Structure formats: C-alpha cells, structure tokens
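First up is the structure itself, then whatever we jot down about it.
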Amino acid sequence: MKTYSFYPGCSQLSSAEEYGESALKVSERLGFKLETLPDWNCCGASSAHMTNHLLALSLPGRDLAKARQRGGDLVVVCAACYHNLKKAQKEILEDPSTAAQVERIVGSDPRFEGRIVHLLDVIAEEVGLEALKEKVARPLEGLRPVSYYGCLMVRPRGMISNDDPDNPRLMDDLLSAMGAEVRKWSYKTDCCGGSLSLTRTDIVVKLVNRLFEAAEEADANCIVVACPMCLANLEMRQREGRLFFRLEHDLPVFFFTELMALALGMKGTEEWFAKHLVDPRPLLYAKGLA
C-alpha cells in the first residue's frame, strides 16, 4: 500500500475531527495510507500572516523541514493549511536568504522540494473516477450538492495544480461518480469570510447568506466542502443569517470525505454527522441514505 506523509492541521484534531477521521479511513479503503508527519505544528494559517511575516514562514517552514526529512509528497486536507504550506514552500525555495533565516529559526533545512497536494488530487491520481464508481456500495442518489472550494485552494493563480482555478471540477466529478446530482453554480471559489468570522460578523453573515441563496437558486439540497474553516463558518453563520434576511436557509454542509465514506458503505458515518451544527441526518434519512 502506497504511503503519503500527511499534515493533519489543527482543525482535524478539534472542531473538524470528523474531517480528519474520515480522510484517514477513506484513504485506506481506497488503497493508500496517510501517515501523520511526526512532531508537526500549527502552520499559523489563521493569524500568523497578520502578526509577523517571518513567523508566518517559520511555522509552516518547520513542517516543511519535517516533510523534507521524510521525503515523498505531503498530503493536506485543510484548504487553509494547503494554501499556507504551498505559499511558504514557494517563498523558501525561491529566496535563499529567506530559506537561511527560516533554517536558523527552526533548526533544520526547510527546503522541501516534494509536492504539497490536496487529498482531492491524490484520489484523482491514485484511484481515478472509473475505479471509484466500481467501489460505490451506496450511491448518493437524491443528493443535489453544490461543491464549494472556497478561496484558499485556488488563489493566487498557480496554487492548485491539477484543476481549473476559475472553475475547479475535481470535487464535482468525484461526487458525480458516487451518484450525486451535482448542481452548477458560479460561487465555487467565492470567499465565505472565514477569517473575519469573529471580528466582522456583519460582513460574514452577508457573504454566507449570498452563498446559501445561490445554492438554493441552483436547486441544491446540500453544500459539500473541502475546508474545515468554510464548513464551520457556513454552519455557524447560516443560523445567524436568519435574523437578518427574509429567507431562511436550512442546507446541510458536508465534508467530501464524509460522503465518500457513506458511498463506500463504511461504518461510523452516523457519529460524524451527529457532530454537525446543522444536522444533515434528516436529509439523509429522507433520501434513504442513513
């Protein structure tokens, strides 16, 4: 079984525990293993860049040094971590003086030259859509999702390697392969305002409600994400938006790995769904999927 180094990120051990668990279990079911990077640390994605630039490079730089020691590619599931690690890697590899500064701070060479890839890329490369279809035990019939990548996986241009930065398709194709009726919409990469969730909630509520209105216009009955910050923001602010907007929204939000586990017939999904702030189980019961 092929093994990848895996950077879990803080959210997958706390608020998005179900994302981390489902990613590990789905990967193993699909025939490859994610092995957690030893002694990893927070990449500082949510606040370091607003505090000190060298700190914002050194936090992910230490993780890159660990990945360099392990060799091979580094797999990430959090869009914010993915963005931060790739941004730091680019600057460290392109600027020798920056690499030397980070090396002095972290105590080892941070010039990791392997690929930093999102789990979506690995599934597409290692499994492929046709092989995935054959593994589906419970087709996601009745689900009409819109896939939401958020802004961090595709910006700046060049950040995402195997997909179209303006109209990414990997998650759409993956959900379609599992039997879902993926809906078209134009908001796949719009920002949900996650980094302003606590400081400018008024702005975030408007952004989130715009996303839900667009999803409903597309006749979606759920939203599927690849980012723990996006999911938390969409779930928390969905309810607050009810206080400010005429229309109420009640769309569940899933991690794509949770739906993969469901489609593959794996056990344990009920426990993950029970942790959501917006309970997705009524929709799944109504569609005969739980």
Side-chain angles (χ1 to χ4, degrees), residues 2-13 16 19-20 23-24 26-27 30 32-46 48-49 53-96 98-99 102-103 105-106 108-127 149-165 168-171 174 189 194 225-230 255-257:
K2 187 171 181 178
T3 300
Y4 288 88
S5 292
F6 175 52
Y7 178 78
C10 307
S11 296
Q12 283 63 249
L13 301 181
Y19 191 21
L24 291 170
V26 164
S27 299
L30 292 177
F32 58 92
K33 187 175 181 181
L34 302 181
E35 196 165 278
T36 301
L37 202 63
D39 196 27
W40 62 275
N41 54 266
C42 172
C43 71
S46 59
H49 64 286
H53 183 62
L54 191 56
L55 173 66
L57 291 175
S58 299
L59 285 169
R62 183 174 180 275
D63 295 313
L64 294 174
K66 300 284 182 186
R68 176 186 166 89
Q69 292 165 8
R70 289 285 295 270
D73 297 332
L74 180 63
V75 177
V76 185
V77 293
C78 169
C81 299
Y82 175 78
H83 176 94
N84 215 37
L85 287 163
K86 290 200 76 162
K87 186 161 60 70
Q89 182 192 39
K90 184 174 190 296
E91 190 162 339
I92 287 169
L93 290 179
E94 290 182 351
D95 186 346
T98 297
V102 173
E103 184 171 358
I105 292 171
V106 305
S108 54
D109 190 344
R111 288 171 294 184
F112 172 61
E113 295 183 351
R115 294 188 308 159
I116 297 170
V117 289
H118 195 276
L119 182 59
L120 283 168
D121 296 308
V122 180
I123 292 171
E125 291 177 6
E126 291 290 333
V127 184
Y149 294 77
C151 56
L152 290 173
M153 285 177 66
V154 296
R155 298 190 184 97
R157 185 169 285 274
M159 184 64 66
I160 196 166
S161 54
N162 295 327
D163 211 342
D164 184 339
R169 292 284 317 169
L170 273 179
M171 192 153 44
L174 186 148
T189 61
V225 304
C227 175
M229 289 180 67
C230 293
F255 290 116
F256 75 94
T257 48

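Residue indices begin at 1 and follow the sequence shown. Small disclaimer: the values here were computed from a predicted structure and weren't measured.
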Lys90 NZ to Ile116 CD1 distance, which is reported to the nearest 0.5 Å: 12.5 Å
Between Lys2 and Glu125, does any side-chain N to carboxylate O distance fall below 4.0 Å? no
Any chance you could measure Phe6, atom CZ, to Leu74, atom CG, to the nearest 0.5 Å? 9.5 Å
Looking at CZ of Arg62 and NZ of Lys66, how far apart are the two atoms once the value is rounded to the nearest 0.5 Å? 4.5 Å
When Arg70, Glu126, Arg115 are each screened for side chain to side chain donor-acceptor pair (under 3.5 Å) with Tyr4, the one that passes is Glu126
Smallest heavy-atom separation, Phe112 atom then Leu64 atom, equals CB-O, 3.4 Å
Under 3.5 Å, is there a donor-acceptor pair between the side chain of Gln89 and the main chain of Gly114? yes
Using the rule given for side chain to side chain contact (heavy atoms under 4.5 Å, CB included), can you reason through Val102 versus Leu54, listing the C-alpha separation, both sets of side-chain angles and the distance that settles it, and then say yes or no? CA-CA 7 Å; Val102 173; Leu54 191 56; 4.3 Å; yes
Evaluate the criterion side chain to side chain contact (heavy atoms under 4.5 Å, CB included) for residue pair Leu59 and Cys43; output intermediate values, then yes/no. CA-CA 5 Å; Leu59 285 169; Cys43 71; 5.5 Å; no
Are Tyr19 and Ser11 close enough that some pair of their side-chain heavy atoms sits under 4.5 Å apart? no
May I ask you to test the Asp121-Tyr82 pair for a side-chain heavy-atom distance under 4.5 Å? yes
Locate the shortest heavy-atom distance separating Leu85 from Pro60; write the atom from each residue and the value. CD2-CB, 3.8 Å
Indicate the atoms forming the closest heavy-atom contact of Thr189 with Pro165, along with that distance. CG2-O, 4.0 Å
Classify the ring geometry of His118 against Phe256: parallel below 30°, tilted from 30° to 60°, perpendicular beyond 60°. tilted
What is the minimum heavy-atom distance between Met153 and Ala79, and which atoms define it? CG-CB, 3.4 Å
Over all atoms of both residues, closest heavy-atom pair of Cys81 and Gly9: SG-CA, 4.0 Å
Between atom CZ of Arg169 and atom CG of Leu120, what is the distance when rounded to the nearest 0.5 Å? 13.0 Å
Over all atoms of both residues, closest heavy-atom pair of Ser27 and Leu34: OG-CD1, 3.4 Å
To the closest 0.5 Å, what do you measure between OH (Tyr7) and CG (Asn41)? 6.0 Å
Name the residue from Asp63, Ile92, Leu57, Ile105 that meets the side chain to side chain contact (heavy atoms under 4.5 Å, CB included) definition with Pro110. Ile92
If I take atom CZ from residue Arg68 and atom OG from residue Ser5, how far apart are they, to the nearest 0.5 angstrom? 14.0 Å
Mind checking what makes side-chain hydrogen bond (donor to acceptor under 3.5 Å, both in side chains) contact with Glu103, not counting sequence neighbours? none
